[in-house]
Amino acid sequence: MNRKNLKSGFTLIELMAFFIFISLLIAASTPIITKRVRDLPKKINHGMYICYRDEGGGLVEKYYNASQEVPGGGPVASCRFDAPKSAALFKIDIIGAGAGGYNFHNVTSEDDDRSGTYKLDGTTSGSDTLVPSDEQLRQLMDGQIIRTTAYTGKGGNGSGLNYSYVDPEAIQCTINSAYNYDTNPTAVSYCAKALESGAEGGEPTCPANWTNQSGDVDTRLGWVKATASAKYGSGLYTSVPAVETEIGGWCNDNGLKGLNKTGIASGEHSGSNGGAGKYLVADYKIDLSTVTGSVKDYLTGLVAGFTTSDASDGADNAEYVNYDGTPGSWWPVTGSAGADAQGHATVSFPGGSVTNKDAATGGEDLQMYVDSTTGAITFSEPADGKPADGVEFSNPEAAGIVDAYLVDSTSSERTSVTPSITVTMAFKKRVHKAGDGGGAGSHEVAYLSTLGDGCNLIVPPGGGAIDETVDVDTLGAMSDSLNSILSCSDGALELVAPGGSYNTSVKTEEHKVDTSDIHNPPEEYETTGEPAEASRFDVASNIFTKYFASTGISYGKGGEPSKIIDKCTAPQGSYNMKVNGLVSKPDIGETFAEVTCTSEMVTEEPAGSGIGGAIIISW
């Protein structure tokens, strides 16, 4: 066999393996269920456009993509925006321009008369009271008297007596022969009549309004005469009208029989008074000769160390004891004594104290003795309670006590006195009036799916400062000129953000002499009008882009207010200090040299213009 005639190629087995592999590959790449491929989303590019006024008032426009500023922006004569076709939603921020501040200044000197009181406890009353220095306190307070009082309490009153009694010798029975029997032979009618004192005899006449009484047939009826007897004492009186209603029996020829004596003659007698309440008065002399530190602190601590304690009044026993005329040989009837004052009054101060030595005692009890045979009534003469008396010292020399005594509770001497200082001031004050800041433009936000054709942007600069010469109509027109406007599709779409409002308000401040350090006035007084209204636009975030380049401008902020810097601060006027106390001291004070405040001492910083508006479009 000639081997040179053989050709290279696949064997049959290799060819079959190749076709099997191709078949499997085609089968794997063929889908079992066909499906429709939807349209892929269109890519949207995010960005931002801004038109604003720079610090010089010129128009500036800038562009940004999602992450950075795009070159090509800068100062322009006017702003125009063409919306990108790929944007699906626009957010539009429109900020109106700010109004200027009110350029107003006024500085005057006016009277400032003040008065107040400085107290030893370190407090003051009155408006901006000048506090005395340590040296002034030493002059006015050394040797002054602090007078402090406490109530000693009074003793209670003793009780009195109520009594009712009829002296048998004062009752006279006159037989009445003119009695009438009625149809009932067992009863007789009569009338009882009270005669005037000293009247004798006489037949009874019974007025129609008198009550008929019935009694036993065997009883001779008459009328009763009740008279007062000297032996009853000063408090006894005759109760004549009571005879008509309170006779419980009747007279017969055997004398008094079954007569109810209660209410025919009665009286009352008061118990003794309790001891008088008094006031403990203690005088303390202020001695500053040994005080080397702060006089003010020493006096404050001294006053804080004073304490008082009042005694309580004794109880009054005013429940009268009744005597009812019960028979007996001697009938002692006793009232109750009043209670003594509870405790003692005390005045304490640093180092010592004063106390009333003897407390007031209560009134003594009253006693009455009645002789049942003669009807004699005898009253005891109880002594009144004793008033508080005497004082007792505790370490008087160290405590600085110069006098202590007791006075009647109604005496004006009891008034406590803690020295104080009255301060009167007649100064000049500087009154400043400065114009307020301007109003900020408004911030309006809109969301739109389309903006239409090219948009023109009107972004005004901030309004200039105004003064008092500008009238109301002009102010209105100036405010209208601060509106920011976005107009698209030849006016088919128009968005407006109003500018800030102008106002002519002023802030007034009074700069008074500083009483806390009168000899070291401040270098200057400064007054600034109410601050300008801050921008209403928040530049912190933007919803569509991750990048927002801050321009450092507060879009639409109002103009700064006026400012006054016044270096005429030296005290002008005088003050006077007068001590109010038990010891007379000369007044002390000071008059300051008159100062002429000139215009050169005053600097007036004018109000500022507002900040321009802005329009920001993001997508």
- Glu523, CD: over 12 other non-hydrogen atoms inside 6.0 angstrom: no
- Query: With a cut-off of 6.0 Å (strictly less than), are more than 12 heavy atoms of other residues, nucleotides or ligands near CG of Asp517?
  - Reply: yes
Looking only at the side chains, is there a donor atom on one of [X] and [Y] sitting less than 3.5 Å from an acceptor on the other?
X: Asp566; Y: His511; answer: no
X: Ser479; Y: Ser501; answer: no
X: Asp128; Y: Thr515; answer: no

For [Y], does its backbone N or O pair with a side-chain atom of [X] as donor and acceptor, under 3.5 Å?
X: Asp310; Y: Tyr151; value: yes
X: Ser133; Y: Gln136; value: yes
X: Asn576; Y: Thr424; value: no
X: Thr569; Y: Pro522; value: yes
X: Asp142; Y: Leu288; value: yes
X: Arg53; Y: Val459; value: yes
X: Asn483; Y: Asp480; value: yes
X: Thr528; Y: Lys563; value: no
X: Glu533; Y: Gly439; value: no
X: Arg147; Y: Val281; value: no

Starting at [atom1] of [X], measure out to [atom2] of [Y] and round the result to the nearest 0.5 Å.
X: Lys433; Y: Thr108; atom1: NZ; atom2: OG1; result: 7.0 Å
X: Arg414; Y: Leu280; atom1: CZ; atom2: CG; result: 13.5 Å
X: Cys51; Y: Ile458; atom1: SG; atom2: CD1; result: 10.5 Å
X: Arg80; Y: Glu61; atom1: CZ; atom2: CD; result: 11.0 Å
X: Thr603; Y: Ile564; atom1: OG1; atom2: CD1; result: 10.5 Å
X: Thr474; Y: Tyr502; atom1: OG1; atom2: OH; result: 11.0 Å

Is there side-chain contact between [X] and [Y], with heavy atoms separated by less than 4.5 Å?
X: Cys568; Y: Val595; answer: yes
X: Asp453; Y: Asp490; answer: no
X: Thr149; Y: Thr308; answer: no
X: Val431; Y: Thr508; answer: yes
X: Ile616; Y: Phe537; answer: yes
X: Tyr49; Y: Leu457; answer: yes
X: Thr527; Y: Val107; answer: no
X: Lys296; Y: Leu137; answer: yes

- Task: Could you walk me through whether Gln572 and Phe592 pass side chain to side chain contact (heavy atoms under 4.5 Å, CB included), step by step?
- Result: CA-CA 6 Å; Gln572 300 181 63; Phe592 295 88; over 6 Å; no
- Could you go step by step and tell me if Leu493 and Leu495 meet the side chain to side chain contact (heavy atoms under 4.5 Å, CB included) rule? CA-CA 7 Å; Leu493 171 67; Leu495 301 176; 4.3 Å; yes
- Parallel, tilted or perpendicular: rings of Trp619 and Phe90 (30°, 60°): tilted
- Message: For Phe306 and Tyr284, take the angle between the two ring planes, folded into 0 to 90°, and tell me which bin it lands in: parallel under 30, tilted 30 to 60, perpendicular over 60.
- Response: perpendicular
Between [X] and [Y], which heavy-atom pair has the shortest distance, and what is it?
X: Pro350; Y: Leu302; result: CG-CD1, 4.0 Å
X: Ser562; Y: Phe104; result: OG-N, 3.1 Å
X: Ser489; Y: Leu451; result: OG-O, 4.0 Å
X: Ala497; Y: Ser442; result: C-OG, 3.7 Å
X: Tyr102; Y: Ser505; result: CD2-O, 3.5 Å
X: Pro419; Y: Leu120; result: O-CG, 3.2 Å

- Quick one: which of Arg114, Arg430, Lys429 gives a salt bridge (charged side-chain N to carboxylate O under 4.0 Å, His left out) with Glu510? Lys429
- May I ask you to say whether Asp111 pairs ionically with Lys428, meaning some side-chain N is under 4.0 Å from a carboxylate O? yes
- Query: Using 4.0 Å as the upper bound for N to carboxylate O, is an ion pair formed by Asp287 and Lys285?
  - Reply: no
- Query: What do the steps show when you test Leu486 against Phe81 for side chain to side chain contact (heavy atoms under 4.5 Å, CB included), and what is the final call?
  - Reply: CA-CA 10 Å; Leu486 172 70; Phe81 176 72; 5.9 Å; no
- Message: Assess the residue pair Lys62 and Tyr52 against the criterion (side chain to side chain contact (heavy atoms under 4.5 Å, CB included)); give the C-alpha distance rounded to whole Å, side-chain angles, the decisive distance to 0.1 Å, and a yes or no.
- Response: CA-CA 9 Å; Lys62 291 186 178 181; Tyr52 66 94; 3.6 Å; yes
